[in-house]
Chemist: 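Below you'll find the structure I mean.
Keep in mind it's a predicted model, so treat the numbers as computed, not measured. Hydrogens, waters and symmetry mates play no part in the numbers below; they use all other heavy atoms, side chains included.
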Amino acid sequence: MSSDLAIVYAALILKDDNVEVTADKLQTLTKEAGLTEIEPIWFSLYAKALEGQDLKELIFNIGAGGAAAGAATGGAAAGGAAEEAAAEEAKEEEKEESDDDMGFGKFLLYI
């Protein structure tokens with residue numbers, strides 16, 4: 001198991017038990033699991049990165065970043081207009097692909 005994965009699992013275990021994620025606790029958990037080759041700097045880096053973060057929220061919203069989050073909070077009108085534009089663009093691309101025939105139409109004329 002990689003050291004990153006071991007520390008992430010340790011952090012998830014701590015959060016699941018509603019225990020504060022600290023470098024010492026991460027190190028204790030990974031040591032008890034038999035993973036002693038992890039450099040101590042990683043524990044403090046992960047502890048600082050996860051400080052004040054809600055891991056459950058991060059996991060559940062892993063795919064809701066960027067434009068999708070903006071469209072969701074922008075209201076139905078903004079979301080509807082964006083969906084309409086995307087659908088129209090997809091139809092145009094589909095039409096271009098069918099008209100182009102990937103260039104084989106021109107090649108077949110010479111055979």
Side-chain angles (χ1 to χ4, degrees):
M1 177 183 301
S2 72
S3 59
D4 292 338
L5 190 59
I7 296 172
V8 169
Y9 283 157
L12 289 173
I13 290 169
L14 291 171
K15 279 295 190 178
D16 190 48
D17 288 340
N18 294 321
V19 177
E20 183 182 359
V21 177
T22 64
D24 293 333
K25 291 177 184 174
L26 290 172
Q27 190 170 15
T28 302
L29 269 176
T30 53
K31 238 182 227 182
E32 291 297 321
L35 301 166
T36 57
E37 69 276 354
I38 302 172
E39 295 182 34
I41 186 72
W42 293 112
F43 301 113
S44 59
L45 286 174
Y46 274 90
K48 286 180 183 178
L50 296 173
E51 188 176 309
Q53 298 292 326
D54 184 10
L55 286 181
K56 291 179 184 178
E57 183 179 328
L58 287 174
I59 291 171
F60 289 130
N61 295 324
I62 200 161
T73 59
E83 287 178 16
E84 224 174 271
E88 185 176 323
E89 185 176 324
K91 285 180 185 178
E92 288 177 14
E93 286 179 13
E94 186 177 307
K95 182 182 176 191
E96 289 174 5
E97 287 175 3
S98 65
D99 289 345
D100 185 28
D101 194 24
M102 296 184 352
F104 291 122
K106 296 175 186 175
F107 178 72
L108 293 175
L109 291 175
Y110 297 111
I111 295 181

Chemist: Mind checking whether I13 and L5 sit in one hydrophobic cluster, side chains of I, L, V, M, F, W, Y counted as touching below 4.5 Å?
Modeler: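 As far as the 4.5 Å side-chain criterion goes, L5 and I13 are connected within one cluster.
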
Chemist: Can you measure from OH (Y46) to OG (S3) and round to the nearest 0.5 angstrom?
Modeler: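 Going from the OH atom of Y46 to the OG atom of S3 covers 7.0 Å.
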
Chemist: Return the set of residues passing side-chain hydrogen bond (donor to acceptor under 3.5 Å, both in side chains) with D54 (not counting sequence neighbours), or none when no residue passes.
Modeler: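 Here no residue qualifies.
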
Chemist: Could you list the residues that satisfy side chain to side chain contact (heavy atoms under 4.5 Å, CB included) with N18, not counting sequence neighbours?
Modeler: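 Partners of N18 by the side chain to side chain contact (heavy atoms under 4.5 Å, CB included) criterion come out as none, since no residue qualifies.
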
Chemist: List the atom of I38, the atom of A6, and the distance in Å for their closest heavy-atom pair.
Modeler: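 Scanning both residues, the minimum pair turns out to be CD1-CB, 4.0 Å.
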
Chemist: For E57, is there any backbone N or O sitting under 3.5 Å from a side-chain donor or acceptor partner on N61?
Modeler: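 At least one qualifying donor-acceptor pair exists.
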
Chemist: Residues two or more places apart in sequence or in another chain: which of them pass side chain to side chain contact (heavy atoms under 4.5 Å, CB included) with L45?
Modeler: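 Testing L45 for side chain to side chain contact (heavy atoms under 4.5 Å, CB included), a comparison that skips the adjacent residues, returns I41, W42.
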
Chemist: Who pairs with E51 by side chain to side chain contact (heavy atoms under 4.5 Å, CB included), at least two apart in sequence or on another chain?
Modeler: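 In terms of side chain to side chain contact (heavy atoms under 4.5 Å, CB included), with neighbours along the sequence ignored, E51 is linked to no residue.
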
Chemist: Which heavy atom in K15 sits nearest to a heavy atom in Q53, and how many Å separate them?
Modeler: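 Nearest heavy atoms, K15 then Q53: NZ-O, 3.3 Å.
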
Chemist: Enumerate donor-acceptor pairs with a distance under 3.5 Å from any side-chain N or O in residues 21-32 to protein atoms, sequence neighbours excluded.
Modeler:
unit_1: T22; atom_1: OG1; unit_2: K25; atom_2: N; d: 3.2
unit_1: T28; atom_1: OG1; unit_2: D24; atom_2: O; d: 2.8
unit_1: T30; atom_1: OG1; unit_2: L26; atom_2: O; d: 3.1
unit_1: T30; atom_1: OG1; unit_2: Q27; atom_2: O; d: 3.0

